[in-house]
2 protein chains.
Amino acid sequence: MKKSNPPTIREIARLVGVSVNTVSRALNNKPDVSPETKKNIIKTAQLLNYTPNAIARALVQRSTRTIGMVMSDISDPFFGEMVKDAEVFFRSRGYNLILCNTQENFDQEKHSIETLINKRVDGILLTPVGRNGENLQEILKNRVPIVLLGRHFDEPIAPSVTSNDERGGYLATQHLLELGHHKILFINVFHHISSAHDRFLGYQKALREFGIDYDESLLIHASFDLDDVYQKTKKFFYQSGKVTAVIVFCDILAISVMKAVIDVGLTIPRDISIVGFDNINISSLLPIPLTTIDPNKKKMVETASELLLEAIRLDNIKAGNLSIEPTLTIRSSTILSV
Amino acid sequence: MKKSNPPTIREIARLVGVSVNTVSRALNNKPDVSPETKKNIIKTAQLLNYTPNAIARALVQRSTRTIGMVMSDISDPFFGEMVKDAEVFFRSRGYNLILCNTQENFDQEKHSIETLINKRVDGILLTPVGRNGENLQEILKNRVPIVLLGRHFDEPIAPSVTSNDERGGYLATQHLLELGHHKILFINVFHHISSAHDRFLGYQKALREFGIDYDESLLIHASFDLDDVYQKTKKFFYQSGKVTAVIVFCDILAISVMKAVIDVGLTIPRDISIVGFDNINISSLLPIPLTTIDPNKKKMVETASELLLEAIRLDNIKAGNLSIEPTLTIRSSTILSV
DNA sequence: TTGTAAGCGTTATCAA
DNA sequence: TTGATAACGCTTACAA
């Protein structure tokens with residue numbers, strides 16, 4: 001009186017009068033099944049409203065055709081755009097995506113990875129929280145294919161695909177220096193994030209090359225919180241403030257910085273030039289279109305995804321970082337220094 | 001020579017010298033297992049680096065603890081923010097999220113739903129492409145719990161949680177009318193999206209109440225493409241252009257509209273007031289903070305998710321729409337008409 | 001071309 | 001407190 005479970009190939013087999021094996025082969029378009037029985041099987045399958053149970057299949061085939069994607073915050077357009085590209089890529093290859101937020105939280109990252117392993121995803125795309133692979137021990141032991149996306153570890157213990165962030169930092173700084181800016185504020189996030197670390201390196205390198213001493217009072221550390229960045233920027237300009245340009249870790253925070261600069265009574269780009277990173281979709285459509293470092297997100301995602309599929313196929317994980325060359329996209333937020 | 005498959009409870013059982021059943025019960029903290037054997041089992045489980053196979057468990061328990069989420073475009077901040085809220089909600093309840101993009105494409109929606117059913121998700125959260133439930137036949141036949149999020153069907157054939165969009169459209173229009181604007185452009189997306197349809201209804205209702213005739217030349221239909229909106233807005237202002245205010249379907253498109261208005265040589269809000277919908281994160285941090293209708297996304301997501309869990313528990317799907325009251329958030333993009 | 005039987009890694013049912 | 005044994009729904013050798 002209680003069973004209304006979904007139909008199975010067994011039921012189809014019974015109704016058609018063949019074995020389950022035949023049904024399985026018919027439904028999977030395998031050879032060696034007569035057109036007639038095949039027709040019958042398909043007909044009754046539709047009749048019963050049969051849907052194959054991917055769970056049962058996954059159990060025997062040891063493949064779920066599912067990829068785990070772990071990143072800090074999907075609501076951040078940078079990640080959202082990457083997730084979208086990844087979803088499109090994997091969908092076209094017959095994979096689905098399980099998404100996990102870490103909120104830059106180490107324990108949450110660890111827990112997410114464990115859950116994904118339990119669910120037997122075929123592979124994992126991870127934007128790691130830290131710069132060492134501590135949370136990856138589990139993964140490496142379990143030999144789950146993994147590729148890091150957008151950030152890498154200090155030691156090459158896992159394959160990763162990132163933007164060449166040092167180069168990006170360099171390009172941003174060089175651009176401003178060439179425009180005549182000498183006092184350049186760098187608003188960064190925590191250095192335990194490899195991209196933050198590397199971009200800052202590029203900034204320093206460019207300064208050095210232009211013979212400008214690095215002034216540590218021109219470095220602000222903020223969190224990913226938009227309001228935090230807003231407040232800190234405002235405070236900086238109220239107190240010290242003698243800069244003509246700002247580099248911000250990413251576009252979304254740069255938007256916050258723009259507002260702070262405006263609210264402090266300065267004009268962009270006349271008084272202050274601003275450069276961001278990521279080239280998110282809206283950056284070009286802001287009232288003051290943002291000059292930014294374009295990491296070529298799509299290429300990053302596709303390279304990483306391709307690599308992951310290869311790791312899945314070959315059951316062979318080769319560590320090391322692959323970096324994609326970024327480009328400088330000049331818009332209206334930067335201008336010659338007066 | 002080829003098997004290095006992950007360890008199973010069978011192996012643990014063999015090593016400890018107990019039955020698989022005992023291992024299963026020990027690992028799941030079930031009663032009736034002596035502390036000593038339990039300790040042994042847990043120890044060897046760790047030794048083997050055992051991770052439970054959620055697929056096998058799902059097969060027998062008929063529950064994957066996975067929710068399917070189908071929406072048009074994760075890279076759109078509005079959806080991204082909702083996905084994030086949903087992920088947080090379901091994570092805390094022990095569920096994961098499989099994400100699917102539809103790109104407002106009917107076939108892709110259908111295909112996504114089928115895949116999710118095959119993968120035996122416990123429930124589906126869907127932002128449907130159309131206003132009829134054509135693509136849901138499959139689901140209803142298969143009795144997969146589903147809740148619509150952000151959009152509803154004309155006929156109440158599925159439970160849904162939306163913002164009260166007609167009210168939202170009304171609030172936006174009323175606000176502008178009260179500021180003395182009489183010529184209000186409405187930039188909308190396709191009316192086969194229920195929220196677009198309903199917001200427009202609210203717009204018309206407010207005009208009626210203020211005794212203003214609806215002028216159909218003040219309605220622009222755009223796609224979700226930022227550039228499309230930009231071009232159409234620019235064209236409007238170059239050609240006809242005699243309006244003092246604009247209502248835009250959503251904030252992300254409103255940003256594009258702002259740029260078009262600025263590029264046409266007008267000033268916001270002095271010449272043109274603008275109202276959006278969604279209250280996405282950056283709206284308050286734009287150089288000109290955007291007046292918008294706040295749909296209370298978080299409450300929407302949590303209500304829908306709660307409803308879905310209930311539907312899963314009770315195996316009982318009651319159709320009908322539940323609408324969350326929106327609020328008007330006034331910022332700097334709207335001002336008294338001169 | 002088709003069928004039989006084993007197995008995927010769990011949990012659940014019932015005895016012991 | 002434990003252990004056989006049978007599911008769960010499918011695929012895959014191998015045999016017929």
Side-chain angles (χ1 to χ4, degrees), chain A residues 2-42 44-45 48-66 115 117-122 142, chain B residues 2-42 44-45 48-66 115 117-122 142:
Chain A
K2 58 160 192 177
K3 66 177 48 162
S4 79
N5 285 335
T8 68
I9 53 170
R10 180 140 54 235
E11 283 178 56
I12 300 177
R14 195 170 43 78
L15 285 175
V16 179
V18 294
S19 74
V20 290
N21 183 2
T22 307
V23 176
S24 174
R25 291 215 318 287
L27 259 26
N28 288 298
N29 291 312
K30 296 254 168 92
D32 290 342
V33 42
S34 81
E36 196 183 357
T37 45
K38 183 165 177 174
K39 212 182 65 187
N40 267 322
I41 288 170
I42 290 178
T44 45
L48 291 182
N49 214 266
Y50 169 80
T51 55
N53 186 326
I55 293 298
R57 174 183 302 182
L59 187 58
V60 31
Q61 294 197 147
R62 301 170 132 74
S63 161
T64 52
R65 305 227 62 135
T66 304
T115 306
I117 290 179
N118 290 351
K119 295 215 170 168
R120 296 297 191 263
V121 294
D122 291 349
N142 285 283
Chain B
K2 60 159 191 181
K3 66 176 49 157
S4 80
N5 286 333
T8 68
I9 53 169
R10 180 139 55 232
E11 283 178 55
I12 299 177
R14 196 169 43 77
L15 286 176
V16 180
V18 294
S19 73
V20 290
N21 184 1
T22 307
V23 176
S24 173
R25 292 213 320 286
L27 260 26
N28 288 297
N29 290 312
K30 295 252 170 94
D32 289 342
V33 42
S34 82
E36 197 184 357
T37 46
K38 181 163 178 176
K39 212 182 64 185
N40 267 322
I41 288 170
I42 290 178
T44 45
L48 291 181
N49 215 265
Y50 169 80
T51 56
N53 186 325
I55 294 298
R57 176 184 301 184
L59 185 58
V60 30
Q61 292 194 153
R62 305 170 128 73
S63 161
T64 53
R65 304 227 61 133
T66 303
T115 305
I117 290 178
N118 290 352
K119 295 215 170 170
R120 297 298 191 263
V121 294
D122 292 347
N142 284 283

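Just so it is clear: chains get the letters A, B, ... in the order the sequence lines come, proteins before strands, and each one is counted from 1.
Note: L59(A) CG to N53(A) CG = 10.0 Å, rounded to the nearest 0.5 Å.
Listed nucleotides: dT5(D), dG9(D), dT2(C). Nearest to the side chain of T37(A): dT2(C). Distances from the side chain of V60(A) to the nucleotides dC10(D), dG3(D), dT11(C) place dC10(D) closest. Taking only side-chain atoms of R57(B), from C-beta outward, the nucleotide of dT1(D), dT1(C), dT11(C) with the closest atom is dT11(C). Closest contact between the side chain of L59(A) and the listed nucleotides dA12(C), dG9(D), dT2(C) involves dG9(D). Listed nucleotides: dG3(C), dT1(D), dT10(C). Nearest to the side chain of T22(A): dG3(C). Nearest to the side-chain atoms of R62(B) among the listed nucleotides dC10(D), dT2(D), dC8(D) stands dC8(D).
Taking the side chain as every heavy atom from C-beta outward, L15(B) and L48(B) approach each other to under 4.5 Å.
Distance alone, capped at 3.5 Å, places no donor-acceptor pair between the K30(B) side chain and the S24(B) backbone.
For L27(A) and dT11(D), the CG to P distance is 8 Å, given to the nearest whole Å. Following rounding to the nearest Å, D32(A) (CG) and dC14(D) (P) show an atom-to-atom distance of 16 Å. Note: NZ (K119(B)) to P (dC8(D)) measures 23 Å, nearest angstrom. Rounded to an integer number of Å, the gap from CD1 of I12(A) to C1' of dG9(D) is 11 Å. As rounded to whole Å, 16 Å separates atom P of dA7(D) from atom CG of N21(B). Between the P atom of dT1(C) and the CG atom of N40(A) lies a distance of 16 Å, rounded to the nearest Å. Atom CZ in R14(B) sits roughly 17 Å away from atom C1' in dG3(D) (whole-Å rounding). To the nearest angstrom, P of dC10(D) lies 18 Å from CZ of R65(A).
Nucleic acid contact class of R25(B) (heavy atoms, under 4.0 Å, all strands): base. No contact: K38(A) has no heavy atom under 4.0 Å from any strand. Across all strands, N53(B) comes closer than 4.0 Å only to sugar-phosphate atoms, never to a base (heavy-atom distances).
Looking at every heavy atom in both residues, Y50(A) comes nearest to L27(A) through CE2-CD2, 3.7 Å.
Side-chain N/O atoms of T66(B) and R120(B) include no donor and acceptor closer than 3.5 Å. Judged purely by distance below 3.5 Å, without hydrogens or angles, the side chains of R25(A) and N21(A) pair a donor atom with an acceptor atom.
Checking the phosphate oxygens (OP1, OP2) of dG3(D), a side-chain nitrogen or oxygen of S19(B) falls inside 4.0 Å. For K30(B) and dA12(C), the shortest distance from a side-chain N or O to OP1 or OP2 is below 4.0 Å. Between S24(A) and dC10(D), a side-chain N or O to OP1/OP2 separation shorter than 4.0 Å is absent. For dT2(D), one of the phosphate oxygens OP1 or OP2 lies less than 4.0 angstrom from a side-chain nitrogen or oxygen of S34(B).
Annotation: of the two residues near DNA chain D, I55(A) and P31(B), the 5′-most nearest-nucleotide partner is P31(B). Judged by closest nucleotide on DNA chain C, P35(A) is the one of P35(A) and Q61(B) placed further toward the 5' end.
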